[in-house]
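Some notes on the structure that comes next.
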Amino acid sequence: LLAAMTYKALKDTGAETSCVPMGLSEPKTEVERQQLEEHAQLLVRAMINAAKADGQIDPAEAQRIIGKLQEDGVDEKDQQFLIREMQKPMETENLIAAVQGRPEIAAQVYAASILAIEVDTPAEKEYLNQLSTGLGVTPEVAQQIRAYAGV
């Protein structure tokens, strides 16, 4: 869903895309599977970080994150990862650094963050502005993603 939404947002706004976003096709090799796993972990970290933006992960935000993961059949290892990540402090700069100028991944990180929270506080709005700027997501792409997400 994220890959399709962000790819469409990038294309609709005329943003330069160098490749099809990760997640739109099944991995064919073990290396691709590992890359997809790392990418999924990055997106989960982005969702959790967004939930922390207003100082706490409220029950609705936690359920939204857990619900998205349960759709994919979260196993015990993934549940432990989730719990560890929820206990960590904010890591916005690490998320931004992990994207390393890849617009397709930046758009997915931004979209995952929006989908994880109900943007209803000034702190969350400020966080999303800071995140989009840090990731290099243009205002046009950010607006398109928010529209697709119903925000």
Side-chain angles (χ1 to χ4, degrees), residues 1-53 57 59-119 124 127-138 140-151:
L1 173 65
L2 287 174
M5 176 180 18
T6 56
Y7 186 66
K8 183 164 175 37
L10 290 166
K11 286 191 66 140
D12 288 353
T13 59
E16 192 70 30
T17 57
S18 60
C19 63
V20 175
M22 193 173 298
L24 281 182
S25 62
E26 287 292 319
K28 294 175 182 61
T29 66
E30 187 55 38
V31 170
E32 287 178 354
R33 277 189 270 293
Q34 180 63 33
Q35 289 173 334
L36 187 59
E37 176 71 24
E38 290 170 6
H39 181 68
Q41 287 180 357
L42 176 65
L43 296 178
V44 169
R45 289 175 38 224
M47 294 171 77
I48 292 169
N49 206 59
K52 295 174 186 175
I57 299 177
E61 290 169 335
Q63 185 53 49
R64 195 176 282 137
I65 293 167
I66 292 167
K68 298 234 185 282
L69 295 177
Q70 286 175 335
E71 291 173 7
D72 294 333
V74 175
D75 62 19
E76 182 66 29
K77 179 181 131 195
D78 292 336
Q79 289 177 22
Q80 292 304 315
F81 169 78
L82 182 64
I83 291 166
R84 281 191 310 274
E85 290 298 316
M86 286 184 170
Q87 294 171 344
K88 289 182 180 178
M90 294 278 293
E91 61 171 350
T92 308
E93 294 305 318
N94 291 342
L95 291 171
I96 291 168
V99 169
Q100 301 173 359
R102 296 173 289 175
E104 298 84 4
I105 294 175
Q108 286 186 24
V109 166
Y110 182 74
S113 299
I114 285 177
L115 292 173
I117 61 176
E118 187 173 325
V119 186
E124 290 167 336
Y127 171 75
L128 290 173
N129 288 335
Q130 174 192 11
L131 183 66
S132 66
T133 299
L135 291 170
V137 174
T138 67
E140 297 81 17
V141 171
Q143 175 58 38
Q144 196 69 34
I145 290 169
R146 286 192 304 274
Y148 291 150
V151 175

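Sequence positions, counted from 1, serve as the residue numbers for this chain. It should be emphasised that the depicted structure is a prediction, and the values quoted were computed from it without experimental measurement.
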Handout entry: Residues which pass side chain to side chain contact (heavy atoms under 4.5 Å, CB included) with Glu38, listed by chain and number, not counting sequence neighbours
Key = Gln34
Handout entry: Side chains of Asn94 and Arg45 in contact at under 4.5 Å (non-hydrogen atoms)
Key = yes
Handout entry: Test side-chain hydrogen bond (donor to acceptor under 3.5 Å, both in side chains) applied to Glu118 - qualifying residues, sequence neighbours left out
Key = none
Handout entry: Residues that Gln130 engages under side-chain hydrogen bond (donor to acceptor under 3.5 Å, both in side chains), provided they are two or more places apart
Key = none
Practice task
Return the set of residues passing side-chain hydrogen bond (donor to acceptor under 3.5 Å, both in side chains) with Glu30 (not counting sequence neighbours), or none when no residue passes.
Solution key: Arg33
Can I get a per-line list of side-chain donor-acceptor pairs under 3.5 Å for residues 46-53, giving both atom names and the distance, sequence neighbours left out?
| from | atom 1 | to | atom 2 | distance (Å) |
| --- | --- | --- | --- | --- |
| Asn49 | OD1 | Glu91 | N | 2.7 |
| Asn49 | ND2 | Thr92 | OG1 | 3.0 |
| Asn49 | ND2 | Tyr127 | OH | 2.8 |
| Lys52 | NZ | Glu85 | O | 2.8 |
| Lys52 | NZ | Lys88 | O | 2.3 |

Problem - From Lys77 atom NZ to Leu82 atom CG, the distance as rounded to the nearest 0.5 Å - result: 13.5 Å
Problem - Minimum heavy-atom distance between Leu128 and Ser113, given as atom pair plus value - result: CD2-CB, 4.0 Å
Problem - Under the side chain to side chain contact (heavy atoms under 4.5 Å, CB included) test, residues paired with Gln87 that sit two or more places apart - result: Ile83
Problem - OG1-CD distance between Thr29 and Gln35, expressed to the nearest 0.5 angstrom - result: 7.0 Å
Problem - Partner of Gln108 by side chain to side chain contact (heavy atoms under 4.5 Å, CB included), out of Leu135, Leu42, Leu43 - result: Leu43
Practice task
Please round to the nearest 0.5 Å and tell me the distance separating atom CG of Leu95 and atom CD1 of Ile105.
Solution key: 12.5 Å
Fill in the blank from the handout: Nearest heavy-atom contact between Ile96 and Gly134 is CG2-O, 3.2 Å
